[in-house]
Amino acid sequence: MRTSIGQIGSFVGETVTLEGWLYNKRSSGKILFLQVRDGTGLIQCVVVRNEVGDELFERCRRLTQESSIVVSGVVRRDERSQSGYELSVTDVTLVQESADYPITLKEHGVDFLLDHRHLWIRTPRQRAILKIRSEVERAISEFLHEQGFTRVDPPILTPSSCEDTTELFHTQYFDEEAYLTQSGQMYCEAAAMALGKVYSMGPTFRAEKSKTRRHLIEFWMVEPEMAFYQHEDNLALQEQFVSHIVQHVLEHCPHELEVLGRDTSKLSQVRPPFPRLTYDEAIRWLQDHGHDIQWGDDFGAPHETALASQYDRPVFIERYPTQIKAFYMQPDPQRPEVVLCDDLLAPEGYGEIIGGSERIHDYDLLQQRFEEHDLPLDGYGWYLDLRRYGSVPHAGFGLGLERTIAWICGLEHVREAIPFPRLLYRLYP
RNA sequence: UCCCCGAUAGCUCAGCGGUAGAGCAUCCGGCUGUUAACCGGAGGGUCGUAGGUUCGAAUCCUACUCGGGGAGCCA
């Protein structure tokens, strides 16, 4: 019976065949322990000389790390095994012999591991992270579809900047200048006017020379955009959304979180409502706690960490000064010097995982903002059109996938939260 | 772009002015319950590159290259 390690518990007492790779091997003279992995799990296969004969035993003794093999044997429950099950081997076939596998079970440096990322992802820890990434993506899709959202896929190649500050990757589009997208938001706004509630999920690119544990050059964002949503609706959706993602991973990935050594008691508390601070309150709190910061300054990483560390769940900071936020954000009608926006800061120092806002829906105000920010009106005609033909209040946000995964997994660095990270000065493999 | 740190065996590191070292990996041998198994043996090096100081440089100095951590910017 051909099966996988993840299903092995259903075959106790039966003879099964597994297809996988040799993760590790220990020998003890006349008994051999093969640690075999197949992507669904890890199992110890026991080869006893007296049971299998000298020829097979000798072949197993010569198997090398990461050789691909097909193993047959009888499934046993065994308390001495870490997974609870073992396989008593009856036959082993070599598919391909692996020679001089570079990644050993000992410690390795970051540079070496990143150079061998194509092999590093075979280790149990990296497998657990990628599994959780997949479940985070599934939780996102399932939640948003249940809430009536339609997925739209905005373009990667764009004619110009969506915002005015950050640096973009430049490329040629035949005879035209083009850039890799840094946000699908403006396209999602157009799609929200067609479909009501929409979201995009895909890669974005920032050509910034950021070199910290929170930055990737190529990273993934989920960007929901909702017609007829205002600031309060936006915040309520965000806290339900983030809570759902965290609870989904807790439910579906207990084994993976254990492999990562994650303290899940902190994640269990992530449920609505999330604490909220206005920008004004946050500035005052920071000033009261010895930080040198004035109203009108943007928060630095140490400020975010200090603010977030007060809470056991993510915290909203809302209503930032208009002057330090993006041009398309809706001013607070009571206080036009601030905008109806929010940042969501993850606990435990993981920083900003969401940036969101209500968008300007008034044509004249948006056009005025274009002039103030010296943006080329001709390239944004289509974006202004959205405010000419049935404009409605709308809001949306962007969630950084790798930062969210790094937080849920308790990672030191976002580079482990994506299969093949693109980092400053690193494009290989 | 700025600040700090690093580069020695396939890997992780020690050595910090006087003959190049250890553990793991590899190969050989031993062990019937191992858990990054263990025990014995063997092979394995232009000490990142280029200059300089010195009787003598892996070691001290300068520049460069590559990488790591952080800041700014951002998600």
Side-chain angles (χ1 to χ4, degrees), chain A residues 23-35 42-52 57 61-62 64-66 76 78-83 86 88 98-116 119-120 123-125 163-168 182-185 203-223 297-305 324-326 342-346 350-356 397-407 412-415 417-418 423-426 428:
Chain A
Y23 174 67
N24 194 19
K25 177 184 71 182
R26 302 185 194 92
S27 71
S28 189
K30 291 171 181 127
I31 185 165
L32 257 167
F33 303 95
L34 306 176
Q35 316 288 326
L42 191 64
I43 191 167
Q44 174 154 281
C45 303
V46 185
V47 190
V48 180
R49 185 168 214 147
N50 289 343
E51 293 173 5
V52 301
F57 189 85
R61 206 174 62 81
R62 297 192 171 280
T64 54
Q65 189 189 3
E66 286 303 317
R76 269 191 298 107
D78 197 311
E79 287 180 1
R80 291 169 294 187
S81 163
Q82 284 171 345
S83 68
E86 279 190 349
S88 292
S98 162
D100 301 319
Y101 188 69
I103 298 184
T104 67
L105 278 70
K106 291 284 179 179
E107 289 171 25
H108 294 286
V110 169
D111 190 37
F112 178 82
L113 288 170
L114 285 171
D115 279 341
H116 295 83
L119 305 175
W120 186 21
T123 60
R125 178 182 160 83
E163 297 184 25
D164 49 2
T165 52
T166 47
E167 294 178 51
L168 304 181
Q182 62 151 353
S183 167
Q185 180 207 313
T204 54
F205 308 87
R206 304 269 165 102
E208 288 158 1
K209 300 211 166 178
S210 300
K211 199 175 169 180
T212 80
R213 70 184 65 194
R214 298 181 307 280
H215 290 87
L216 293 169
I217 302 301
E218 177 181 319
F219 68 99
W220 281 55
M221 274 211 290
V222 183
E223 297 185 275
D297 294 341
D298 207 350
F299 301 123
H303 301 130
E304 288 185 355
T305 303
I324 57 169
K325 282 293 177 179
D342 69 278
D343 284 356
L344 185 67
L345 307 182
Y350 284 93
E352 184 184 342
I353 54 171
I354 281 182
F397 62 92
L399 174 132
L401 204 62
E402 288 78 16
R403 282 192 185 173
T404 303
I405 293 162
W407 162 51
E412 288 291 312
H413 197 301
V414 290
R415 65 187 162 218
I418 188 167
L423 299 159
L424 189 58
Y425 309 130
R426 183 179 287 280
Y428 177 92

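Naming convention: chains lettered A, B, ... in sequence-line order (proteins, then strands); numbering from 1 in each chain.
Remark: A:D78 engages A:R76, A:R80 in a salt bridge (charged side-chain N to carboxylate O under 4.0 Å, His left out) (not counting sequence neighbours). For A:E402, the salt bridge (charged side-chain N to carboxylate O under 4.0 Å, His left out) partners two or more places apart in sequence, or in a different chain, are A:R133. The side-chain contact (heavy atoms from CB on, under 4.5 Å) search around A:V52 returns A:V47, A:L56, A:F57, not counting sequence neighbours. Applying the salt bridge (charged side-chain N to carboxylate O under 4.0 Å, His left out) rule to A:R62 yields the partners A:E58; only residues at least two apart in sequence or on another chain are considered.
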Any N/O pairs under 3.5 Å between the protein and nucleotides 2-11 of chain B? List them or say none.
{"unit_1": "B:C11", "atom_1": "O2'", "unit_2": "A:E107", "atom_2": "O", "d": "3.3"}
{"unit_1": "B:C11", "atom_1": "O2'", "unit_2": "A:H108", "atom_2": "ND1", "d": "2.5"}

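Atom-to-atom, CG of A:L424 to C1' of B:G68 comes out at 12 Å; the value is rounded to the nearest Å. Rounding to whole angstrom units, CD1 of residue A:I418 and C1' of B:A75 are separated by 13 Å. Regarding A:Q35, its CD atom lies at a distance of 9 Å from the P atom of B:A36, rounded to whole Å. For the pair A:W120 CH2 and B:U12 P, the computed distance is 12 Å after rounding to whole Å. Rounded to an integer number of Å, the gap from A:Y350 OH to B:A75 P is 20 Å. The nearest whole Å value for the distance from the CZ atom in A:F33 to the C1' atom in B:U34 is 4 Å. Between the CZ atom of A:R214 and the P atom of B:C74 there is a distance of 13 Å, given to the nearest Å.
In this model, no side-chain donor or acceptor of A:R62 finds a partner on the base of B:C27 within 3.5 Å. Between the side chain of A:S210 and the base of B:G72, at least one donor-acceptor pair of N or O atoms lies under 3.5 Å. At a cut-off of 3.5 angstrom, counting only N and O atoms as typed in the model, there is a donor on one side and an acceptor on the other between the side-chain of A:S27 and the base of B:C31.
Under the 4.0 Å criterion applied to side-chain N and carboxylate O atoms, A:D115 and A:R426 are assigned as salt-bridge partners.
In this entry B:C11 has B:G23 as its Watson-Crick or G-U wobble partner, both defining distances falling under 3.5 Å.
Within the structure, every side-chain polar atom (N or O) of A:R61 is placed at least 4.0 Å from both OP1 and OP2 of B:C31. Residue A:R415 has no polar side-chain atom (N or O) positioned under 4.0 Å from OP1 or OP2 of B:G67.
Taking atom P in both B:A75 and B:C66, the straight-line distance is 29 Å, to the nearest Å.
Remark: ring of A:Y425 not stacked against base of B:G67; the cut-offs of centroid gap under 5.5 Å and plane tilt under 30° are not jointly satisfied.
Here salt bridge (charged side-chain N to carboxylate O under 4.0 Å, His left out) pairs that include residues 25-35 of chain A, with residues two or more places apart or in two chains, number zero.
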